[in-house]
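Encoded as structure tokens, the structure appears first; notes follow it.
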Amino acid sequence: MTVRTRFAPSPTGFMHVGNLRTALYAWLLARSNNGKFILRIEDTDQARFVENAVEVIYNTLNSAGLDHDEGPDKDAGFGPYVQSERKHLYRPFAEELVKSGHAYYCFCEKSEEPTTEAGTVFIDGCPSRCADLSPAEVKAKLDAGIPYVIRQKIDRTGSVSFRDLVFGEITIETKVLDDQILIKQDGMPTYNFANVIDDHLMQITHVVRGSEYLSSTPKYNLLYQAFGWEIPQYVHLPLIMGRDAEGNVSKLSKRHGSVSFETLVEEGFLPEAIINYIALLGWSSKTDREIFSLAELAELFNVEGLNKAAAVFDYDKLRWMNSEYIKQMDFEAFKNKAAKFAPEQFAVLQNVWDKVASLLQSRLENFTDIPGMIQFLVEQPPYEVELFNHKKNKATPESAKEIINDVMPEFKACENWNAESLTAILMNYAQTKEMKVGKVMWGIRIALSGQSVTPGGPGEIMEIIGRENSFARLKAALEKIG
RNA sequence: GUCCCUAUCGUCUAGAGGCCUAGGACACCGGGUUUUCAUCCCGGCAACCGGGGUUCGAAUCCCCGUGGGGAUGCCA
């Protein structure tokens, strides 16, 4: 039988990385089994309608590389794939359940408090026991046009067990299950109902979703049983957690930092890096490798590697992974993307951008770091004389002064103003003076950049900022040292 | 409150009774290469939540605690 998985996001306008990871695993499960990956939009909550939200879903899936075989834009006979367009499909199923005694009309107001029966533990969900209404009473209320919802009627004897591919055997006593609403007052199905109907109708074989649904799964199974439908395989995923400023961990949300795919991309993370990172958040290849392309993941993916415990999202590791992907980038693509993240600097440095970009690529963790790394090339930042001190190189402001004075005439005489010849001059000088190369480089670097860490060395910097600018900065350094 | 799930370095994880003196990665620290930093290479720090069992033997199985998370919506 063909494996069919689905990703069923609700159109909220952004893609939470936890959702994206669910999509990824569902996609991987399908691809690794030669199956189908279906996209379904769960927009049953009309109050939450967000303009263009479906576009965001398409764009995200697209840039993440998760292609779908079926969806709103690709009907393979199971459509429509948008729940609001399927509205008419759900009611008959709900009514079927009413007839078979697995559901009932409930005429209670939203605000009514659930009644608690003395001596019994269960919560039935319906405030005034509408399940006990006689057929005549129901008909009368229906005829009178009283608004209603349809609730699932739970048989509260015994327990429900099911097997999850990740969590294993899970048993829940039916007495703790409430009579959840299937059809809302506005006629829309709830997610709880729609997902069961749709998963069945779309012949989904493996339901991949977050573990927050683990405790409501028995209710879904009762529904499948009431219809006499086959229950799908379940793959519940551990949650992704975030750590807040106080160090507390909870379900990853905005207070933990950027959690949407779009924002992460805006912040300079490459889609491939994000995918690779989240793939490993809760799944292990059982090898020592960490860097995997989507295609490689599709080949290696196995439900066995899925972890049960929740995982904390670690931005540091994401940064590292991003740097790995940056290094692998094609240079042309890199320099163009780098320019976009430092428009002001690029405006000044575009003539030497190739050189700047090549210095950047091997030492970059995130594109948003670029402006800070190269601003000194545009304008020298203020710095302290103290910076000229470097213990290991035995460098001091005085030694820097001496070196600059000695080397300036040689720079003046330099005909080919490029990194290679300029570096040669410095190397040569160090050798003649029997000075540590590091000592020479240190002083010049500080004088040129005003900072201890720079992409590239003095030679590269001088080439990039040019002759005139280089002399100006060296002279300024001399004056500063005094 | 009740129910469900979960528990290996700070973080992501490997480990399915002896291969564990618990492996890898990020972060951190140190050393080397390099024209500084970075890259790269080498090394180091660092964990089986606690208590009972079962067993010749437990990180691995069972029970009880404890910690953490989730559910308990006319949200999904």
Side-chain angles (χ1 to χ4, degrees), chain A residues 8-10 12 19 42-45 47-48 106 108-110 121-123 125 147-151 164 167-168 170-173 175-178 180-186 188-192 194-195 209-218 236 238-239 241 243 247-251 277 280-291 304-305 307-321 323 327 359-365 373 390 392-393 395 419 423 426-427 430 436-446 449 451-460:
Chain A
S10 62
T12 57
N19 267 99
E42 310 226 330
D43 59 345
T44 53
D45 187 0
R48 285 205 197 177
C106 167
C108 300
E109 291 293 323
K110 279 187 199 179
V121 212
F122 71 80
I123 354 110
Y148 63 90
V149 299
I150 297 180
R151 284 184 188 271
D164 181 87
F167 289 90
I170 290 174
T171 302
I172 291 182
E173 309 265 330
K175 67 182 177 194
V176 303
L177 268 23
D178 63 336
Q180 64 176 350
I181 290 173
L182 269 20
I183 300 288
K184 305 184 227 182
Q185 223 171 62
D186 67 4
M188 276 290 197
T190 57
Y191 160 84
N192 296 315
N195 93 79
R209 54 153 86 115
S211 66
E212 65 265 36
Y213 294 105
L214 221 36
S215 39
S216 38
T217 298
H236 284 96
L239 264 19
M241 314 293 278
R243 192 189 299 282
N248 299 313
V249 208
S250 58
K251 209 166 157 180
Y277 175 69
L280 266 33
L281 246 194
W283 177 79
S284 166
S285 70
K286 316 249 179 193
T287 70
D288 283 349
R289 268 186 74 188
E290 304 253 344
I291 306 292
E304 299 286 306
N307 204 28
K308 290 193 246 206
V312 177
F313 195 92
D314 181 3
Y315 291 91
D316 278 338
K317 188 148 186 179
L318 210 211
R319 282 179 68 84
W320 166 76
M321 199 159 276
S323 76
K327 280 174 210 134
L359 292 178
L360 243 22
Q361 190 166 9
S362 67
R363 40 200 119 201
L364 193 64
E365 284 194 321
M373 287 170 81
H390 190 276
K392 199 176 144 199
N393 285 324
T423 302
L426 290 168
M427 297 291 279
K436 262 185 95 166
V437 176
K439 184 177 181 178
V440 176
M441 297 297 176
W442 186 262
I444 305 290
R445 156 184 272 95
I446 301 299
S449 69
Q451 52 195 49
S452 57
V453 181
T454 58
E460 284 87 2

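Residue numbering restarts at 1 for every chain, and letters A, B, ... go by the order of the sequence lines. Both backbone and side-chain heavy atoms feed into the values below; hydrogens, waters and symmetry mates do not.
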Between the side-chain atoms of [X] and the base atoms of [N], is any donor-acceptor pair under 3.5 Å?
{"X": "A/Y213", "N": "B/A71", "result": "no"}
{"X": "A/R319", "N": "B/C26", "result": "no"}
{"X": "A/K317", "N": "B/A27", "result": "no"}

Quick one: pull up OG1 in A/T454 and CZ in A/R363 and give me the separation to the nearest 0.5 Å.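 If we round to the nearest 0.5 Å, A/T454:OG1 and A/R363:CZ are 7.5 Å apart.
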Using 0.5 Å steps for rounding, measure from the CG atom of A/L280 to the CD1 atom of A/I291.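 With rounding to 0.5 Å, CG (A/L280) is 8.5 Å from CD1 (A/I291).
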Given [options], the nucleotide with the shortest approach to the side chain of [X]:
{"X": "A/E304", "options": "B/A16, B/G24, B/U13", "value": "B/A16"}
{"X": "A/P458", "options": "B/U35, B/A7, B/G70", "value": "B/U35"}
{"X": "A/R243", "options": "B/G70, B/G10, B/C40", "value": "B/G10"}
{"X": "A/D178", "options": "B/U35, B/G73, B/A38", "value": "B/G73"}
{"X": "A/V176", "options": "B/C3, B/U6, B/U13", "value": "B/C3"}
{"X": "A/E42", "options": "B/U35, B/A76, B/A38", "value": "B/A76"}
{"X": "A/N307", "options": "B/A14, B/G69, B/C12", "value": "B/A14"}
{"X": "A/M241", "options": "B/C12, B/U35, B/G69", "value": "B/G69"}
{"X": "A/K308", "options": "B/U11, B/C4, B/U6", "value": "B/U6"}
{"X": "A/D288", "options": "B/G24, B/G70, B/A38", "value": "B/G24"}

Residue-phosphate contact under 4.0 Å: [X] side-chain N/O, [N] OP1/OP2:
{"X": "A/K175", "N": "B/U2", "result": "no"}
{"X": "A/K286", "N": "B/G15", "result": "yes"}
{"X": "A/T44", "N": "B/A76", "result": "yes"}
{"X": "A/K184", "N": "B/C75", "result": "yes"}

For [N], which nucleotide is its Watson-Crick or G-U wobble mate, given both distances must be under 3.5 Å?
{"N": "B/U2", "result": "B/A71"}
{"N": "B/A7", "result": "B/U66"}
{"N": "B/C20", "result": "none"}
{"N": "B/C40", "result": "B/G32"}

Under 4.0 Å, heavy atoms only, any strand: does [X] hit a base, just the sugar-phosphate, or nothing?
{"X": "A/S284", "result": "sugar-phosphate"}
{"X": "A/G282", "result": "sugar-phosphate"}
{"X": "A/S10", "result": "sugar-phosphate"}
{"X": "A/E460", "result": "base"}
{"X": "A/L426", "result": "nothing"}
{"X": "A/V149", "result": "base"}

Between A/H390 (NE2) and B/C37 (P), how many Å, whole number?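 Between P of B/C37 and NE2 of A/H390: 6 Å.
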Could you check how far CD1 of A/I444 sits from C1' of B/C37, rounded to whole Å?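 Computing the A/I444:CD1 to B/C37:C1' distance gives 17 Å.
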Relative to the 5' end of RNA chain B, which residue comes earlier, A/K327 or A/A311, by the nucleotide with the nearest heavy atom?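 Of the two residues, A/A311 wins.
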Mapping A/R363 and A/D186 onto RNA chain B by nearest heavy atom, which one lands closer to the 5' end?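 Upstream on the strand: A/R363.
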For atom [atom1], what is the distance between [N] and [M], given to the nearest Å?
{"N": "B/A22", "M": "B/C3", "atom1": "C1'", "answer": "35 Å"}
{"N": "B/G32", "M": "B/G15", "atom1": "C1'", "answer": "33 Å"}
{"N": "B/U21", "M": "B/U54", "atom1": "C1'", "answer": "26 Å"}

Which residue is it: A/I150, A/V149, A/N192? I am looking for the one with a side chain to side chain contact (heavy atoms under 4.5 Å, CB included) to A/I181.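 Only match with A/I181 under side chain to side chain contact (heavy atoms under 4.5 Å, CB included): A/V149.
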Does A/H236 form a side chain to side chain contact (heavy atoms under 4.5 Å, CB included) with A/K308? I'd like the steps, not just the answer. CA-CA 9 Å; A/H236 284 96; A/K308 290 193 246 206; over 6 Å; no
